[in-house]
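For reference, positions follow the sequence shown, starting with 1. The figures that follow rest on heavy atoms only: side chains count, while hydrogens, waters and symmetry mates do not.
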Amino acid sequence: RTLHNPLWTLRGNRDKKYYEIRETKVPAMIIELLSHQNFDDMKFGLDPVFRFDVARAVYKGILKFLSRRYDVPYVVQPLPVGHFAIKAGGGGKYRLSWRQTLDPLEKTAYAKYYVVEERIDNGAFREVATVTDPQWDVKVTDGRIHSYRIVAGNDGGRGFPSEVLALYDDGSGIPAVNIVNGFTRISAPDDFYAGEFCGFNYLADGGV
């Protein structure tokens, strides 16, 4: 209701001894969230933002259940950082910066540290630094592609990594080129209403 639909209808909760969750030997639940026969539900079901929020809500629910069950405090892992940028400082020096993404539904989901991960050319990502401030400086002049991503963490664990940004500097002093990614949209496909018919218009917008 807070993030997507203030008129969302709660159709009730049940606490029964369903076999599917009674025999799992771990905390479990059955979620009946959407109906494929309800067009409004399908608009939510095809929205990647909604799907992420639902998955995170399930994680929070299990975490809080375990917290109450064993009488221990809980901390929700932070959301991925945003506004990730790399700025050249000259002489092969670069500053990586980013901003914490706050969770409006959970005050414990606050980042206490950030892990900087680096990939060189087509190699694997590796951890190169752990910092508490939302920035990190690096010097690159080897003529190889250095890619970076940031992972926020706290006592509850680490969140998902940021998008990946890369830089290249061979030390030759060639004028710098800034690449700005201003495209942050993700969405469900376009929908239409035509009298008694409704549906998704994948030709106009297939969603992202």
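Nearest heavy atoms, Leu165 versus Phe84: CD1-O, 3.3 Å. For the pair Tyr114 and Asp133, the tightest heavy-atom approach, listed with the atom from each and the gap, is CD1-O, 3.9 Å. In this structure, Pro161 and Pro80 approach most closely via the heavy-atom pair O-CB, 4.1 Å. The two residues Thr108 and Asn154 make their nearest non-hydrogen contact at O-ND2, 3.6 Å. The two residues Gly206 and Pro189 make their nearest non-hydrogen contact at O-CG, 3.7 Å. For the residue pair Leu3 and Pro104, the shortest heavy atom distance occurs at CD2-CG, 4.1 Å.
With a 6.0 Å radius and a threshold of 12 heavy atoms from other residues, nucleotides or ligands, Tyr202 has its OH atom above the threshold. Atom CD of Glu32 sits in a sparse spot, with 12 or fewer heavy atoms from other residues, nucleotides or ligands closer than 6.0 Å. The number of heavy atoms from other shown groups lying within 6.0 Å of OH (Tyr110) does not exceed 12. Counting non-hydrogen atoms of other residues, nucleotides and ligands closer than 6.0 Å to CZ of Arg1 gives a total above 12. Heavy atoms from other residues, nucleotides or ligands lying under 6.0 Å from OH of Tyr70 number 12 at most. Other residues, nucleotides and ligands contribute more than 12 heavy atoms inside 6.0 Å of the NZ atom of Lys64. Crowding of Arg51 atom CZ: a count of heavy atoms from other residues, nucleotides or ligands under 6.0 Å exceeding 12.
In this view, His83 satisfies the ring pair (Phe, Tyr, Trp, His ring centres under 6.0 Å) rule with no residue, not counting sequence neighbours.
Ring-plane geometry between Tyr193 and Phe39 is classed as perpendicular, the angle between the planes exceeding 60 degrees on a 0 to 90 degree scale with a lower cut at 30. Aromatic ring pairs are classed by plane angle as parallel below 30°, tilted from 30° to 60° and perpendicular above 60°; the pair Phe50 and Phe44 is tilted.
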side-chain contact (heavy atoms from CB on, under 4.5 Å) assessment of Tyr148 paired with Val116: CA-CA 7 Å; Tyr148 298 93; Val116 181; 4.2 Å; yes

Stepwise side-chain contact (heavy atoms from CB on, under 4.5 Å) test for Thr141 and Asp170: CA-CA 5 Å; Thr141 56; Asp170 62 2; over 6 Å; no

Worked check of salt bridge (charged side-chain N to carboxylate O under 4.0 Å, His left out) between Glu20 and Arg22: CA-CA 6 Å; Glu20 297 93 325; Arg22 188 177 73 246; over 6 Å; no

Stepwise side-chain contact (heavy atoms from CB on, under 4.5 Å) check, Ile21 with Tyr18: CA-CA 6 Å; Ile21 59 176; Tyr18 294 108; 4.1 Å; yes

Audit row: Val81, Gln100, side-chain contact (heavy atoms from CB on, under 4.5 Å) steps and yes/no: CA-CA 5 Å; Val81 304; Gln100 178 172 187; 5.6 Å; no

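By the rule that hydrophobic residues join a cluster once side-chain heavy atoms approach within less than 4.5 Å of another member, Trp136 and Val151 end up as members of separate clusters. Taken together through direct or relayed side-chain contacts under 4.5 Å among Ile, Leu, Val, Met, Phe, Trp and Tyr, Ile31 and Val54 form part of one hydrophobic cluster. The cluster map of Ile, Leu, Val, Met, Phe, Trp and Tyr, joined by side-chain heavy atoms under 4.5 Å apart, puts Leu105 and Phe65 in different clusters. Criterion: ILVMFWY side-chain heavy atoms under 4.5 Å apart, direct or through other members. Under it, Val140 and Val128 are part of a common hydrophobic cluster. Both Val58 and Trp8 are members of a single hydrophobic cluster when ILVMFWY side chains are connected at heavy-atom separations under 4.5 Å.
Taking a cutoff of 4.0 Å between a charged side-chain nitrogen and a carboxylate oxygen, Arg119 and Glu117 do not qualify as a salt bridge. A salt bridge is absent between Lys93 and Asp137; no separation between the charged side-chain nitrogens and carboxylate oxygens falls under 4.0 Å. Taking a cutoff of 4.0 Å between a charged side-chain nitrogen and a carboxylate oxygen, Glu106 and Lys60 do not qualify as a salt bridge. In summary, Arg149 and Glu127 do not engage in a salt bridge, as defined by a charged side-chain N under 4.0 Å from a carboxylate O. At a threshold of 4.0 Å, the pair Arg56-Asp103 counts as salt-bridged, since one of the basic side-chain nitrogens sits closer than that to a carboxylate oxygen. With salt bridges taken as basic N to acidic carboxylate O contacts below 4.0 Å, one links Asp205 and Arg185.
Two residues are said to be in side-chain contact when any heavy atoms from C-beta on lie closer than 4.5 Å; Asp53 and His4 meet this criterion. Looking only at side-chain heavy atoms (C-beta outward), Asn201 and Asp191 stay at 4.5 Å or farther from each other. Using a 4.5 Å heavy-atom cutoff, the side chains of Phe200 and Leu46 are in contact.
Atom CH2 of Trp98 and atom OG of Ser162 lie 8.5 Å apart (nearest 0.5 Å). Here Leu102 contributes atom CG and Lys107 contributes atom NZ; the two are 14.0 Å apart, rounded to the nearest 0.5 Å. The NE2 atom of His146 sits 11.5 Å away from atom CG of Leu96, with the distance rounded to the nearest 0.5 Å. To the nearest 0.5 angstrom, Ile150 atom CD1 is 10.5 Å from Glu163 atom CD. Rounding to the nearest 0.5 angstrom, the gap separating the CG atom in Leu79 from the CZ atom in Phe52 is 5.5 Å. Atoms OH and CG, from Tyr168 and Asp142 in turn, are 9.0 Å apart once rounded to the nearest 0.5 Å.
Residues Asp169 and Tyr94 bring a donor and an acceptor atom of their side chains to less than 3.5 Å of each other.
Judged by distance alone, with hydrogens and angles left aside, the side-chain atoms of Asp121 form a donor-acceptor pair with the main-chain N or O of Ile145 at under 3.5 Å. Counting only distance, with no hydrogens or angles, the side chain of Tyr59 and the backbone of Gln77 share a donor-acceptor pair below 3.5 Å. Side chain of Arg158 to backbone of Gly153: no donor-acceptor contact under 3.5 angstrom is found. The closest donor-acceptor contact from the side chain of Ser97 to the backbone of Gln135 lies at 3.5 Å or more, if one exists at all.
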